[in-house]
J.: 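Here you go, one structure.
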There are 2 protein chains.
Amino acid sequence: MKIGELAQVAQCTVETIRYYEKEGLLPMPDRTVANYRNYGQSHVERLHFIRNCRALDMTHAEIRSLLGMMEGPARDCRAINQLLDEHIKHVDVRISELLQLQSQLVMLRELCQSERSIDACGILHGLAAMETAAKPPRPTHLG
Amino acid sequence: MKIGELAQVAQCTVETIRYYEKEGLLPMPDRTVANYRNYGQSHVERLHFIRNCRALDMTHAEIRSLLGMMEGPARDCRAINQLLDEHIKHVDVRISELLQLQSQLVMLRELCQSERSIDACGILHGLAAMETAAKPPRPTHLG
DNA sequence: TGCACACCCTGAAGCTACTATAGAGTCAAG
DNA sequence: CTTGACTCTATAGTAGCTTCAGGGTGTGCA
């Protein structure tokens, strides 16, 4: 199948597929005489796998790891379990960060319910007065 | 004050400050004869404001908006309230996305509690079998 | 046959918010 | 007078794509 068809099947764009190929996540397919990429069932499955991982917000590095383990010489799947556990931890961390953020934002929002003049706006005053903690380097890759 | 001192006061790096200047978030300060940036109290306050906004995960565009409103001709702060409401919405959206993600990941993780062989690993099978929905374009800027 | 139009190709640049690096100048202390 | 901490500019790198420029290919229709 041609790249456009694969893109449709995998619910992603043609550009994304070419990008995955460049990144080494998706193996290079055969080419037609016109130099068009020509994909088979194995590519469909691999791309599907990758898109599922991405839907779970895994990084390319994590996906590369998983793909490597699937093809590698490992006899058991301890490393896979571990990778997933760590990814779940990242997501947990990010959720608590955002919950914290949300409560700060809501508090800030409550400082100005009316349509006051700019000078009196509690939000601006709040933003000027907040005590920012220094941002520690992120322990998660989730933005 | 010199850039290093400002960085310390604002809990960010020197590079970040120079970057904000290039982005137009922080006005260009005077220079000493040695061409060193020379900041005053207004810069401290402005940078503090910016860092607070960033701590709340606002984008530079959002911050630019806020700064513009503070200096602009607007008589009331409706636009500010609105900007904050939308930002809160972004955060809400991202939190529910991540909660959804988390439950999927935990379900996936439960598919393999033991140290099986790769071929039997429930996680890999789960990742291969999931039905990915097409990712809609993100309504939020939060990763 | 000619042509329009949808698809494919490559390579490079753009996005966000920084971070890091190279190579050079400045300043104060010892 | 040298050492070390600071400053400067300009450039490239990060993640995961998206967009663009400038072409080639293939099919249906007049």
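Remember, predicted model here, so these are calculated numbers, not experimental data. Chain letters run A, B, ... following the sequence lines, proteins first, then strands; residues in each count from 1.
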J.: Whole-Å distance between C:dT19 C1' and B:I17 CD1?
T.: 14 Å
J.: Within the structure, does a side-chain N or O atom of A:H141 lie under 4.0 Å from either OP1 or OP2 of D:dT14?
T.: no
J.: Give a yes or no on this: more than 12 heavy atoms of other residues, nucleotides or ligands lie within 6.0 Å of atom CD of B:Q8.
T.: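 Open.
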J.: Just to be sure I understand the rule, does A:R37 reach a base, reach only the sugar-phosphate, or reach nothing, if contact means heavy atoms closer than 4.0 Å?
T.: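 Since only primed, P, OP1 and OP2 atoms lie under 4.0 Å of A:R37, the category is sugar-phosphate.
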J.: Give me, pair by pair, the N or O atoms of the protein and of nucleotides 10-12 of chain D that are less than 3.5 Å apart, along with how far apart they are.
T.:
none

J.: Flag the pair B:C12 / B:L47 as yes when at least one side-chain heavy-atom distance between them is below 4.5 Å, and no otherwise.
T.: yes
J.: Judged by each residue's nearest nucleotide on DNA chain C, which is more toward the 5′ side, A:G4 or B:E15?
T.: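 Looking at the nearest nucleotide for each, A:G4 comes out on the 5' side.
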J.: Starting at CG of B:L56 and ending at C1' of C:dA17, how long is that distance when rounded to a whole Å?
T.: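 Taking CG of B:L56 and C1' of C:dA17, I get 16 Å after rounding.
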J.: If you only use heavy atoms from C-beta on, which nucleotide in C:dT19, D:dC8, D:dT18 is closest to the side chain of A:T16?
T.: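 Closest nucleotide among those given: D:dT18.
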J.: At what distance, to the nearest 0.5 angstrom, does CG of A:L67 lie from CZ of A:R46?
T.: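 One gets 4.5 Å once the value is rounded to the nearest 0.5 Å.
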J.: Let me know the distance between CD1 of A:I3 and P of C:dC7, rounded to the nearest Å.
T.: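 Value for this atom pair: 13 Å.
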J.: In a check of side-chain contact (heavy atoms from CB on, under 4.5 Å) between B:V91 and each of B:I95, B:I88, B:V93, which one passes?
T.: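 With B:V91 as partner, side-chain contact (heavy atoms from CB on, under 4.5 Å) holds for just one option, B:I95.
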J.: Measure the CZ-CD1 distance between B:R109 and A:I80 for me, rounded to the nearest 0.5 Å.
T.: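 Taking CZ in B:R109 and CD1 in A:I80, the distance rounds to 10.5 Å.
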J.: What is the distance, to the nearest angstrom, from the CD atom on B:E21 to the P atom on C:dT19?
T.: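 After rounding, the gap between these two atoms is 17 Å.
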J.: When you measure from the side chain of B:K2, which nucleotide among C:dC8, D:dC17, D:dT7 comes out closest?
T.: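 Within the option list, the nearest is D:dT7.
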J.: Go through C:dT19, D:dT18, D:dC17 for me and flag the one nearest to the B:Y19 side chain.
T.: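 Of the options given, the side chain of B:Y19 lies nearest C:dT19.
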J.: Is there a side-chain contact between B:L56 and A:L127, using heavy atoms and a 4.5 Å cut-off?
T.: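 In contact.
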J.: Taking N or O atoms only and anything under 3.5 Å, show me the protein contacts with nucleotides 21-25 of chain D, one pair per line.
T.:
{"unit_1": "D:dG24", "atom_1": "N2", "unit_2": "A:Y36", "atom_2": "OH", "d": "3.0"}
{"unit_1": "D:dT25", "atom_1": "O4'", "unit_2": "A:Y36", "atom_2": "OH", "d": "3.1"}

J.: Of all the choices, C:dA17, D:dG16, D:dT18, which nucleotide is nearest to the side chain of A:R54 once you look at every atom?
T.: D:dG16
J.: In whole Å, what is the span from the NE2 atom of A:H60 to the P atom of D:dT14?
T.: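 Going from A:H60 (NE2) to D:dT14 (P), I get 14 Å.
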J.: Can you find a side chain N or O atom of B:R18 that sits less than 4.0 Å from OP1 or OP2 on D:dT9?
T.: no
J.: Could you tell me whether B:T32 contacts a base, only the sugar-phosphate backbone, or nothing, with contacts defined as non-hydrogen atoms closer than 4.0 Å?
T.: nothing
J.: For B:D57 and C:dC18, give me the distance from atom CG to atom P, rounded to whole Å.
T.: 10 Å
J.: With a 4.5 Å cut-off on side-chain heavy atoms, are B:D57 and B:R94 touching?
T.: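 Not touching, per the 4.5 Å side-chain cut-off.
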J.: Answer yes or no: is there a side-chain heavy-atom contact under 4.5 Å between A:H87 and A:H141?
T.: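 In contact.
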J.: Could you pull out all donor-acceptor pairs under 3.5 Å where a side-chain atom in residues 16-26 of chain B meets a protein atom, sequence neighbours excluded?
T.:
{"unit_1": "B:T16", "atom_1": "OG1", "unit_2": "B:T13", "atom_2": "OG1", "d": "2.9"}
{"unit_1": "B:Y20", "atom_1": "OH", "unit_2": "B:R51", "atom_2": "NH1", "d": "2.6"}
{"unit_1": "B:E21", "atom_1": "OE1", "unit_2": "B:R37", "atom_2": "NE", "d": "2.8"}

